[in-house]
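Just below is one structure, and these are the notes that go with it.
When a ligand or atom number is given, it counts from 1 through the structure's own listing order. FYI, the numbering just counts along the sequence from 1.
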Amino acid sequence: MQRPSSLDAVIVGSGPNGLAAAALLASSGCSVHVVEAHAELGGGTRTAELTLPGFLHDVCSAVHPLGELSPYLRTLPLEQHGLRWAHPPLSVAHPLDGEPAVLLRRSVQDTAEGLGVDGRAWQRLMDPFVRLGAPFLDDLLGPLRIPSRPLSMARFGFYGVRSAVGLTRGLFEQQRARAVFAGCAAHAILPLDMWMTGAVGLLFSLTTHLCDWPMAIGGSAAISRALESYIRAHGGTFETNKRIESLAELPESRVVLFDLAPRQLISIAGDALPSGYVKRLSRYDYGPGVFKIDWALSGPIPWRDPECARASTVHVGGTVEEIAASERCAYNGEHSERPFVLVTQQSHFDPSRAPEGKHTGYAYCHVPFGSTVDMTARIEAQIERFAPGFRDVILARATHSPADLERYNPSFIGGVIAGGAAHIGQLFTRPVARLDPYSTPNRRLFLCSAATPPGGGVHGMCGYFAAKSALKRLRA
Ligand SMILES: Cc1cc2nc3c(=O)[nH]c(=O)nc-3n(C[C@H](O)[C@H](O)[C@H](O)COP(=O)(O)OP(=O)(O)OC[C@H]3O[C@@H](n4cnc5c(N)ncnc54)[C@H](O)[C@@H]3O)c2cc1C
């Protein structure tokens with residue numbers, strides 16, 4: 001379909017948030033055009049043969065509880081546009097030295113049975129939220145506003161405001177529950193003794209009881225392809241291989257939504273924004289980056305506890321103290337000798353990812369912003385610790401340092417994968433404190449990336465709320 005000569009909206013960047021914004025605007029009757037720097041749409045949701053022919057690796061995002069539970073994405077008929085989820089029997093396995101792995105299962109009760117004396121405390125913590133189901137996330141995944149379930153949100157806030165370390169010490173007596181909660185909290189990419197990291201631990205633990213952390217069949221690119229197909233069906237148009245450097249390069253439109261980092265917004269549109277706002281944007285805190293490895297494997301990862309092979313995600317890092325030390329290192333500009341490693345094993349549940357009998361492996365750890373240290377040996381040693389013989393099944397590997405990630409996607413400034421630090425100073429007030437964080441002082445320009453609430457992850461909610469804000473402007 002040809003682009004109309006006069007557009008309502010241009011979206012710069014086609015990550016999940018750019019596509020979600022385009023989907024809402026196009027389905028609301030607006031003419032929408034998406035401009036993308038890369039040859040392929042999708043931002044953090046692309047899939048490629050990074051190692052050997054026939055091995056399909058998720059270049060960035062891999063596991064999608066927030067995608068399946070997303071208050072916006074779950075309203076779209078994405079299955080009709082080709083998206084299918086592969087569900088593992090277990091969401092998370094957390095191996096520990098010398099004892100069985102801790103397993104986060106869909107059932108709270110079954111999970112609690114593996115937590116010994118802390119099982120009751122786990123149930124008391126999770127049950128009230130799990131009973132509310134996925135709609136409870138509607139209040140969590142968005143900007144600061146009056147919640148639709150104020151009492152439940154107050155309960156969530158009561159626990160979540162604490163640090164993950166403080167919360168686990170207060171709630172649990174033993175290592176197993178503390179460690180598995182800490183693994184979920186480490187998705188915050190922040191020191192676990194920081195305020196509000198308890199909220200991230202609670203959110204990610206909760207999602208294991210609301211869905212089985214799924215992967216997209218065929219690779220994460222299936223998510224962006226389904227969104228692209230939905231947008232095209234509503235008249236939206238696309239342009240790839242076009243990296244925008246200035247506003248002058250954009251086609252005429254009534255509004256522009258940037259699915260980009262604040263630093264990029266300054267470079268492209270700084271001249272069209274008041275200097276005070278630009279100054280505040282330039283103070284944005286990006287937080288730590290990541291170092292990632294993909295492997296082509298001759299067989300599955302030989303976990304010492306075979307239950308680990310049944311989980312889409314394995315949190316490799318041991319005790320809460322070890323995980324907290326590793327996350328503190330990355331935040332302080334240091335490199336942990338024993339990093340906390342997030343491992344996913346897509347080919348176990350989606351055979352299309354690897355040739356018959358072979359497997360893919362995917363892992364990353366958090367490192368300082370812009371780090372240039374090669375973490376390959378340390379990541380593989382951590383996996384070997386819980387899966388002796390792991391190195392023997394490696395056929396090939398591809399690594400991505402923070403600089404590689406930023407080259408691949410200029411929005412991943414310094415190798416930062418979740419749009420910027422999600423600490424208390426920036427969780428709701430990203431990119432700057434503003435009543436409508438998606439708008440800018442320029443009435444034509446909006447930000448719709450993970451640098452706006454609710455932040456990182458493939459849920460499209462930043463794009464959804466930015467598009468709602470832009471729609472208001474278009475209809476005014
Ligand atoms: C290694 C890694 C692992 C991850 N794992 C998960 C996971 O398992 N689950 C999960 O939910 N999330 C995960 N994430 C996070 C998730 O991918 C991001 O939070 C999400 O992609 C952010 O979406 P976005 O739309 O805001 O931006 P992005 O996905 O970053 O998209 C921005 C787009 O803008 C384009 N662009 C940049 N500059 C320009 C320009 N000047 N002109 C035109 N286009 C431009 C880029 O090419 C890109 O396509 C992971 C990310 C990484 C890197």
Taking the side chain as C-beta and beyond, is there a heavy-atom pair between [X] and [Y] under 4.5 Å?
X: His335; Y: Arg378; value: yes
X: Pro95; Y: Val314; value: yes
X: Phe446; Y: Asp259; value: no

Does [X] have a non-hydrogen atom less than 4.0 Å from ligand 1?
X: Lys242; answer: yes
X: Leu66; answer: no
X: Cys462; answer: no
X: Trp213; answer: no
X: Arg46; answer: yes
X: Pro16; answer: yes

For [atom], what's the nearest protein heavy atom and its distance?
atom: atom 15 (C) of ligand 1; result: Ile417 O, 3.4 Å
atom: atom 19 (O) of ligand 1; result: Gly457 N, 2.8 Å
atom: atom 30 (O) of ligand 1; result: Asn409 ND2, 2.9 Å
atom: atom 24 (P) of ligand 1; result: Asp259 OD1, 3.2 Å
atom: atom 9 (N) of ligand 1; result: Val63 O, 2.9 Å
atom: atom 44 (N) of ligand 1; result: Ala37 N, 3.1 Å
atom: atom 3 (C) of ligand 1; result: Tyr362 OH, 3.0 Å
atom: atom 34 (O) of ligand 1; result: Gly13 CA, 3.2 Å

Taking 4.0 Å as the limit for heavy-atom contacts, which would you say applies to [X] with ligand 1: side chain only, backbone only, both, or neither?
X: Leu260; answer: side chain
X: Phe291; answer: neither
X: Arg243; answer: both
X: Val12; answer: side chain

Does the gap between the ring centers of [X] and [Y] come in under 6.0 Å?
X: Phe340; Y: His315; result: yes
X: His57; Y: His400; result: no
X: Phe349; Y: Trp213; result: no
X: His348; Y: Trp303; result: no

Against the six-membered ring of Tyr286, is Arg263 placed for a cation-pi contact (under 6.0 Å from the centre, within 45° of the normal)?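 Checked: cation-pi criterion met.
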
Are [X] and [Y] close enough for a salt bridge, meaning some N to O gap below 4.0 Å?
X: Arg84; Y: Glu79; value: no
X: Asp436; Y: Lys468; value: no
X: Glu380; Y: Arg397; value: yes
X: Arg338; Y: Glu322; value: yes
X: Lys292; Y: Asp404; value: no
X: Glu307; Y: Arg310; value: yes

I'd like to check which ligand 1 atoms, numbered from 1 as shown, lie under 4.0 Å from a non-hydrogen atom of [X].
X: Ser449; answer: 26 (O)
X: Lys292; answer: 1 (C)
X: Gly43; answer: 29 (O), 31 (O), 48 (C), 49 (O)
X: Pro410; answer: 37 (C), 38 (N)
X: Gln264; answer: 37 (C), 38 (N)
X: Tyr364; answer: 3 (C)
X: Ser411; answer: 30 (O), 32 (C), 34 (O), 37 (C)
X: Gly456; answer: 19 (O)

Under 3.5 Å: donor-acceptor pair, side chain of [X], backbone of [Y]:
X: Thr344; Y: Ser312; value: no
X: Glu49; Y: Gly54; value: yes
X: Arg444; Y: Val256; value: no

Got a second to check how far Ser253's OG is from Asp8's CG, nearest 0.5 Å?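 Reported value, rounded in 0.5 Å steps: 8.5 Å.
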
What distance do Glu239 atom CD and Leu41 atom CG have between them, rounded to the nearest 0.5 Å?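 Nearest 0.5 Å value for the CD-CG distance: 11.0 Å.
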
Ligand 1 and [X], any nitrogen or oxygen pair closer than 3.5 angstrom?
X: His64; value: no
X: Val458; value: yes
X: Ala418; value: no
X: Tyr408; value: no
X: Glu36; value: yes
X: Ile244; value: yes

When you measure from atom 13 (C) of ligand 1 to each heavy atom in Pro65, Ser61, Gly455, which option holds the nearest one?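 Nearest option to atom 13 (C) of ligand 1, by heavy atoms: Ser61.
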
